[in-house]
Amino acid sequence: MDDQTWYIDVDYRIKNQFVARVRTIRELTPLPKHGAPGDVLRSALIEFSTNAVMAVMPSAADPKQSRGSQVTAQQEQLAARGVAGDSEITIDGTSQPVVTLQIPGYRAHLARRGQGAVIYIGGDSVPIPDLKMTTTPDS
């Protein structure tokens with residue numbers, strides 16, 4: 001965004017299955033031009049869940065439409081019906097309030113950290129781990 005890295009994703013997999021993603025967002029204020037924090041959370045959840053489904057079921061049900069398009073459309077429909085709520089996760093040993101969005105099989109949590117944010121996305125059958133944030137010195 002504006003020629004700077006806006007977010008970084010770290011994906012966690014077990015063999016070919018996506019287990020979780022942690023997305024750190026550089027700055028959420030001012031809001032990105034393309035949407036509000038709820039939109040950012042919903043978009044991250046759709047992207048992760050689409051990749052997770054594609055990893056275990058790569059073939060297309062409709063040969064006229066790519067499997068990626070089919071799965072993305074399905075996940076977008078689920079996310080559109082998802083209701084955001086409040087919850088907590090632990091980051092660096094401290095409980096943090098988060099906005100949570102859940103769809104069948106997946107959940108995403110957005111925590112504000114200063115001007116930035118952290119999004120944790122994972123399968124709803126996997127317990128949310130305590131997150132540790134590290135930084136590296138600017139070069």
Side-chain angles (χ1 to χ4, degrees):
M1 181 171 174
D2 299 328
D3 296 325
Q4 292 188 17
T5 301
W6 189 58
Y7 68 82
I8 296 174
D9 287 343
V10 177
D11 288 337
Y12 296 88
R13 296 180 188 208
I14 296 176
K15 297 190 179 190
N16 196 34
Q17 186 172 2
F18 282 84
V19 176
R21 170 177 288 166
V22 176
R23 174 173 286 179
T24 54
I25 301 174
R26 169 173 277 195
E27 188 174 316
L28 212 49
T29 306
L31 290 174
K33 295 173 186 151
H34 62 277
D39 295 333
V40 172
L41 182 62
R42 191 174 312 277
S43 174
L45 179 59
I46 291 167
E47 182 183 337
F48 176 82
S49 61
T50 296
N51 289 336
V53 170
M54 290 289 296
V56 295
M57 298 183 336
S59 61
D62 179 358
K64 295 179 184 176
Q65 187 181 21
S66 76
R67 177 69 177 145
S69 296
Q70 291 175 46
V71 173
T72 299
Q74 173 190 25
Q75 298 310 105
E76 286 173 347
Q77 289 174 358
L78 291 172
R81 293 191 304 265
V83 177
D86 295 327
S87 186
E88 292 184 349
I89 61 174
T90 302
I91 301 175
D92 294 332
T94 304
S95 182
Q96 302 281 317
V98 294
V99 175
T100 299
L101 182 63
Q102 188 162 358
I103 64 173
Y106 305 96
R107 65 184 183 284
H109 310 276
L110 183 144
R112 289 191 176 269
R113 301 272 296 183
Q115 289 186 317
V118 174
I119 296 177
Y120 171 83
I121 310 160
D124 60 8
S125 63
V126 178
I128 303 166
D130 291 348
L131 303 177
K132 290 215 174 273
M133 304 303 293
T134 61
T135 59
T136 57
D138 290 335
S139 305

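- Taking the six-membered ring where tryptophan is involved, the planes of His109 and Tyr120 are essentially parallel, since the angle between them stays under 30° and well short of 60°.
- Gln102 contributes atom CD, which lies 11.5 Å from atom CG of Leu78 (distance to the nearest 0.5 angstrom).
- With sequence neighbours left out, the side-chain contact (heavy atoms from CB on, under 4.5 Å) criterion links Val19 to Ile14, Val126.
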Please tabulate, for side-chain N and O atoms in residues 90-97, each donor-acceptor pair with protein atoms closer than 3.5 Å (sequence neighbours left out).
from	atom 1	to	atom 2	distance (Å)
Asp92	OD1	Met133	N	2.8
Asp92	OD2	Arg113	NH2	3.2
Ser95	OG	Glu88	OE1	2.7

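- Remark: Ser43 pairs with no residue by the side chain to side chain donor-acceptor pair (under 3.5 Å) rule, at least two apart or across chains.
- For residues 120-129, the set of pairs meeting the salt bridge (Lys or Arg N to Asp or Glu O under 4.0 Å) definition, not counting sequence neighbours, is empty.
- The salt bridge (Lys or Arg N to Asp or Glu O under 4.0 Å) test applied to Asp11 returns Arg21, not counting sequence neighbours.
- With sequence neighbours left out, Thr50 forms a side-chain contact (heavy atoms from CB on, under 4.5 Å) with Ile46, Met54, Val71, Thr72, Gln75.
- The CD1 atom of Ile103 lies 8.5 Å from the CD atom of Gln74; values are rounded to the nearest 0.5 Å.
- Counted within 6.0 Å of CD on Gln17, heavy atoms from surrounding residues, nucleotides or ligands total 12 or fewer; the atom is thus considered open.
- When the salt bridge (Lys or Arg N to Asp or Glu O under 4.0 Å) test is applied to Arg107, no partner is found at least two apart in sequence or on another chain.
- Contact record, Tyr106 with Ala52: OH-CB, 3.5 Å, taken as the closest heavy-atom pair.
- Applying the side-chain contact (heavy atoms from CB on, under 4.5 Å) criterion to Ile119, with sequence neighbours excluded, gives Arg23, Ile25, Val40, Leu41, Ala44, Leu110, Ile121.
- Follow the hydrophobic side-chain contacts under 4.5 Å out from Val98 and you reach Val10 in the same cluster.
- Taking each heavy atom of Gly122 and Phe48 in turn, the nearest pair found is CA-CE2, 4.2 Å.
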